[in-house]
Amino acid sequence: MTAWTVASETGALTDVLVCPPDHYRWIPTNAIAKRTLAGAQQPSAMALAAQHAELVHALRQGGAAVHVLPPESHLPYMAYTRDSAFVTPWGPVLCQLERPQRRGEYAAVIDFHQGRFWRKSSAGTLEGGDVHVIRPGLAVIGASGGRTDLAGAEQLAGWLRAEGWEARIEVFDEHFLHLDVLFCMAAPGLAVACTDVLDPAFLAWLTGHGIRCIPVPYRDAMALGCNILALGRGQVVSAQGSAALNAALRAEGLVVLDPDLSLFTAGGGGPHCLTCPLRREEP
């Protein structure tokens, strides 16, 4: 088995795991999808495949090898590969998903990693969209109780602290699904954040660690505006619909790859949710 390692959200992405949206459909498991379902029909398989292909093209354009998790017909949200497992400097961590509609995703993930994990979540719930390895030695874990709860966050924080890392647990309202709806790293020392929602103490903690934030308003955050994927090498994937943010990222000197992902953001997930980094190279 290849030894997957990720030590930050911003190192050069060399390998990433995705899952084709063959069986994807909006399901009312979060506030964003519920709002979408109130006023729209389910997207077509052809349209979903076309948008996902745009994402895969952007990942390859950015220099990443794309690995594929086989989709299963009874698990429509498998396309959001971020949540069922994430990778640390010591290897993958198997998560415990909160929603019953997603719990079966663990099986394909165990097969992909051939059962070899650094740790397995066993206390409460833990989902990858709440885990942000900001840089080597520094991480933040979101705990809304709606996906990742305090028990799950504290177990992971304990594992990281035992390795000498600083790990902050950030509590937020479950309305926002995962922390990556409100916060993502864009480049070393640069994040995007819904600053009018996030706790000022968290923003001050980021500043204290030398991390500057591009502000994203609430309305844009609820359209997955903060949900970006840093590729390293001065590149980032951000959905085409995030026009104002993409302009701000380009003003920072970043190359923005902007696939149309509107059918996925309408279901509650953007580029960050749709990808599970397997290996990153640090400068």
Tightest non-hydrogen contact, residues Cys213 and Ala193, listed as SG-CB, 3.9 Å

Item to complete: May I ask you to say whether Glu166 pairs ionically with Arg135, meaning some side-chain N is under 4.0 Å from a carboxylate O?
Response: no

Residues 223-244 vs ring pair (Phe, Tyr, Trp, His ring centres under 6.0 Å), sequence neighbours excluded, gives none

What do the steps show when you test His272 against His132 for ring-ring contact (aromatic ring centres under 6.0 Å, His included), and what is the final call? CA-CA 11 Å; His272 197 262; His132 297 259; 5.4 Å; yes

Open item on the list: Let me check something: do Val255 and Val56 share a hydrophobic cluster, defined by ILVMFWY side-chain heavy atoms less than 4.5 Å apart, either directly or through other members?
Closed with: yes

Open item on the list: Side chains of Ser8 and Glu282: any donor to acceptor distance under 3.5 Å?
Closed with: yes

TODO: Carefully, step by step, assess Leu17 and Val109 under the rule side chain to side chain contact (heavy atoms under 4.5 Å, CB included).
DONE: CA-CA 10 Å; Leu17 182 65; Val109 172; 5.6 Å; no

Where the side chain of Asn227 meets the backbone of Gly270, is there a donor-acceptor pair that is under 3.5 Å apart? yes

| query | Is any NZ, NE, NH1 or NH2 atom of the basic residue among Arg99 and Asp83 found under 4.0 Å from an Asp or Glu carboxylate oxygen of the other? | reply | no

Taking the side chain as every heavy atom from C-beta outward, state whether Trp159 and Trp118 have any pair of such atoms under 4.5 Å apart. yes

- Are Val18 and Trp4 connected, step by step, through hydrophobic side chains (Ile, Leu, Val, Met, Phe, Trp, Tyr) whose heavy atoms are closer than 4.5 Å? no

What verdict does the side chain to side chain contact (heavy atoms under 4.5 Å, CB included) test give for Asn246 and Val236, after you've listed the backbone C-alpha separation in whole Å, the side-chain angles of each residue and the deciding distance to 0.1 Å? CA-CA 9 Å; Asn246 294 347; Val236 62; over 6 Å; no

* Under 3.5 Å, is there a donor-acceptor pair between the His178 and Glu127 side chains? -> yes

*asked:* Within the structure provided, determine whether Leu75 and Arg102 are in side-chain contact (heavy-atom separation under 4.5 Å).
replied: no

Tyr77 and Asn30 have their tightest heavy-atom pair at CE2-ND2, 4.2 Å

Taken in chain and number order and not counting sequence neighbours, the residues that satisfy side chain to side chain contact (heavy atoms under 4.5 Å, CB included) with Ala64 are Leu13, Val16

Between Tyr24 and Phe264, what is the ring plane arrangement, given parallel below 30°, perpendicular above 60°, and tilted in between?
tilted

- [ ] Determine whether Val197 and Phe176 make a side-chain contact, defined as any pair of heavy atoms from C-beta on separated by less than 4.5 Å.
- [x] yes

Practice problem: Give a yes or no on whether the backbone of Ala40 and the side-chain of Trp26 come within a donor-acceptor separation of less than 3.5 Å. | Solution: no

Fill in: Sub-4.5 Å side-chain heavy-atom contact between Ser238 and Val256
yes

Margin query: Hydrophobic clustering (ILVMFWY, side-chain heavy atoms < 4.5 Å, transitive) - are Trp165 and Val93 grouped together?
Written below: yes

The reported gap from CD1 in Ile141 to CG in Leu126 (rounded to nearest 0.5 angstrom) is 7.5 Å

So Arg161 and Glu154, salt bridge (charged side-chain N to carboxylate O under 4.0 Å, His left out) or not? Walk me through it. CA-CA 10 Å; Arg161 290 165 184 160; Glu154 287 168 355; over 6 Å; no

Heavy-atom closest pair (Thr265 atom, Ser262 atom, distance to 0.1 Å) is OG1-O, 3.2 Å

Taken to the nearest 0.5 Å, the spacing of Thr14 OG1 from Arg279 CZ works out to 5.0 Å

* To do: Starting from the C-alpha separation in whole Å, work towards a yes-or-no answer on salt bridge (charged side-chain N to carboxylate O under 4.0 Å, His left out) for Asp258 and Arg250.
  => CA-CA 11 Å; Asp258 55 353; Arg250 290 183 175 110; 3.5 Å; yes

Interatomic distance, CD@Gln51 vs CD@Glu54, rounded to 0.5 Å, equals 6.5 Å

Flag if over 12 foreign heavy atoms under 6.0 Å of CZ, Phe117: yes

Step-by-step side chain to side chain contact (heavy atoms under 4.5 Å, CB included) determination, Leu254 to Leu190 = CA-CA 11 Å; Leu254 294 172; Leu190 181 67; 4.2 Å; yes

- request: Flag the pair Arg168 / Phe202 as yes when at least one side-chain heavy-atom distance between them is below 4.5 Å, and no otherwise.
  value: yes

Checking the side chain of Thr36 only, and the main-chain atoms of Ala266 only, is there a donor and an acceptor separated by less than 3.5 Å?
yes

Got Thr195 and Leu203 here, is their nearest side-chain heavy-atom distance under 4.5 Å? yes

Please check if any side-chain donor atom of Gln155 sits under 3.5 Å from a side-chain acceptor atom of Ser122, or the reverse.
yes

Original post:
Any sub-3.5 Å donor-acceptor pair from Thr148's side-chain atoms to Ser144's backbone N or O?
Top reply: no

Are Val181 and Leu274 connected into the same hydrophobic cluster when the rule is that any two of I, L, V, M, F, W, Y join if their side-chain heavy atoms are below 4.5 Å apart? no

Handout entry: Hphob cluster co-occupancy, Trp205 + Phe183, side-chain heavy atoms under 4.5 angstrom
Key = yes

Minimal heavy-atom distance between Cys273 and Gly268, with the atoms involved, is SG-O, 4.2 Å

Shortest non-hydrogen pair, Gly11 vs Arg280, comes out as O-NH1, 2.7 Å

Donor-acceptor contact below 3.5 Å, side chain Arg147 vs main chain Glu98:
no

Side chains of Ile228 and Pro271: does their closest heavy-atom pair fall under 4.5 Å? no

CD (Glu174) and CG (Asp149) are apart, to the nearest 0.5 Å, by 11.0 Å

Original post:
Tell me, do Cys276 and Arg82 make a side-chain contact under 4.5 Å, heavy atoms counted?
Top reply: no

Rounded to the nearest 0.5 angstrom, the CZ-CG distance for Arg219 and Asp196 is 11.5 Å

CG of Leu182 to CZ of Phe172, rounded to nearest 0.5 Å, is 6.5 Å

From CA spacing to verdict: side chain to side chain contact (heavy atoms under 4.5 Å, CB included), Leu231, Leu257 = CA-CA 10 Å; Leu231 298 176; Leu257 306 176; 3.7 Å; yes

Scanning both residues in full, the closest heavy-atom pair of Ser242 with Gly225 reads OG-CA, 3.6 Å

